[in-house]
Number of protein chains: 2
Amino acid sequence: MSFFSQSRKIRHDKLKDKIAESPFMTDSELAVFLNVSVATVRLDRMTLGIPEVRERVLLVAEKHVSDSDGISEIIDIEENVRGVSVMNTNEEMCFPGTDIVKSQYIYSMAEDVAMKVTNMKAALINVANIKYKSTVNKGVKLVARCSVKSVRTSDSLVWVMVYNNSVEVFRCKFLMQEKGCDRS
Amino acid sequence: MSFFSQSRKIRHDKLKDKIAESPFMTDSELAVFLNVSVATVRLDRMTLGIPEVRERVLLVAEKHVSDSDGISEIIDIEENVRGVSVMNTNEEMCFPGTDIVKSQYIYSMAEDVAMKVTNMKAALINVANIKYKSTVNKGVKLVARCSVKSVRTSDSLVWVMVYNNSVEVFRCKFLMQEKGCDRS
DNA sequence: GTTAATATTATCACCTGGTAATAAATTAAT
DNA sequence: ATTAATTTATTACCAGGTGATAATATTAAC
């Protein structure tokens, strides 16, 4: 079929790379970049199955809103005593190509609930001792239970345990110190 | 002046709320929602300084790309031995209303570099012992140095230290265990 | 009830960034 | 030089707007 479509193949690759790199470029911008006509860019997009700018922008934007709902939510709280939060795990939280949630998301959940319970605006978590019991998969509902073990003027000692379907998957101790907006 | 602009005020509030809640609605969809004409929606948007759908979508999308470049970047690596990564801190990473970066971002940086250095696809971080020396503000460049202390068939012991302008701000020990995509 | 002010709606021409289809020009291989 | 693949140009159309102007409510005050 295409014996001399070398240049075209190269252009297709350049197009794919460019769009992956900066998805908000219009066809005419891409035409300038590739040094071809707008018509050619459109043809190339069609054959490669790449949607138009507006759809590409929309895809990125929708992804954004979908991963900001992965935030944990406080469902019960007794200030400086205890608190409970929940978080649904999703695709975005996983190691690429797997169903296993990165521990940083569980850590974040723990930090967030600890901050709420201790009612701190900003904190330095001096020490954290963490134990993960098992991996967590996407699509599960995690529950974090936080309890304050001691409150001192200088710092607070807080425990957080995270459960997946009543099975403990994570626990940590935080030694937290409140910080103002000023530099220490 | 505006004696009977009560209903208009209410409509303006409804409009602002709706757009904040779901920013991807077109004027005609908003018109149906508010039970007014498209012309009115446009006028309202103008007086409230709300941009059109496409710009709103673009804003959300741009926000998305801007905070995914807050991700740490590996700049040097010797597999299973050591590695260095850098990350620029930004507004998005801070406790609301402050310039202090949440520890979860520093933890994430540490986890990411540890994963790269140990060349694991997915891992269970069994134990993490963490010490934060001081708070980190937005707008700084953090450098993480990771070194592998021991590699065994079952697990690896990894240290990560994070520096802000040569001052150590964070250190941790990870006991990491590689996991496949299968459930354990 | 009439009037004047304010609010809403309708209409029109125009813009951007596309789709879809077709014809014409270019280019490489034989 | 001929042929076939490839690229470009052209045209008509669409969605979701902007901006301006005019017509039509709606309401308060007289």
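Letters go in sequence order (proteins before strands), and every chain restarts at 1. None of the values given here were measured: they were computed from a predicted structure. Every heavy atom of this structure was used, including side-chain atoms; hydrogens, water molecules and symmetry mates were not.
- A cation-pi geometry, defined here as NZ or CZ lying under 6.0 Å from the six-membered ring centre and within 45° of its normal, holds between A/R145 and A/Y163.
- Put simply, B/R54 has no side-chain N or O that comes within less than 4.0 Å of OP1 or OP2 on C/dG17.
- Checking D/dG17, C/dG17, C/dT19 against every side-chain atom of B/T26, the shortest atom distance belongs to D/dG17.
- The CD1 atom of A/I10 sits 15 Å away from the C1' atom of C/dA28 (whole-angstrom rounding).
- Residue-level contact check: A/R11 touches the backbone only, with heavy atoms under 4.0 Å from sugar-phosphate atoms and none from bases.
- Both A/F174 and A/I74 sit in one connected hydrophobic cluster of ILVMFWY residues. Membership requires side-chain heavy atoms under 4.5 Å apart, directly or through other members.
- A/V38 comes within 4.0 angstrom of nothing in the nucleic acid, heavy atoms only.
- Using a 4.5 Å cut-off on side-chain heavy atoms (C-beta onward), B/T98 and B/K138 make no contact.
- Which of C/dT8, D/dG17, D/dA9 sits closest to the side chain of A/A39 comes down to D/dA9.
- The CE atom of B/M25 sits 18 Å away from the P atom of D/dA15 (whole-angstrom rounding).
- Rounded to whole Å, atom C1' of D/dT18 lies 10 Å from atom CG of B/D27.
- The separation between B/E29 atom CD and D/dG16 atom P is 8 Å, rounded to whole Å.
- Residue A/R56 is out of contact with every strand shown, counting any heavy-atom pair closer than 4.0 Å.
- If you check C/dT19, D/dG16, D/dT8 against the side chain of B/V53, the one that comes closest is D/dG16.
- For the pair B/T40 and C/dT8, the criterion of a side-chain N or O lying under 4.0 Å from OP1 or OP2 is not met.
- Rounded to whole Å, atom P of C/dC15 lies 15 Å from atom CD of B/E52.
- Using modelled atom types, one finds no donor on one side chain facing an acceptor on the other under 3.5 Å when comparing B/Y105 with B/S72.
- To the nearest angstrom, C1' of C/dT9 lies 12 Å from CG of B/D44.
- Among the nucleotides C/dT9, D/dT8, D/dG16, the one closest to any side-chain atom of A/V36 is D/dT8.
- Using a 4.0 Å cut-off, no side-chain N or O of A/R8 falls inside it from OP1 or OP2 of D/dA5.
- Rounded to an integer number of Å, the gap from B/E55 CD to D/dT18 P is 8 Å.
- Atom CZ of A/R42 is separated from atom P of D/dA9 by 13 Å (rounded to the nearest Å).
- Under 4.0 Å is where a charged nitrogen must lie from a carboxylate oxygen, and between B/K14 and B/D17 no such pair does.
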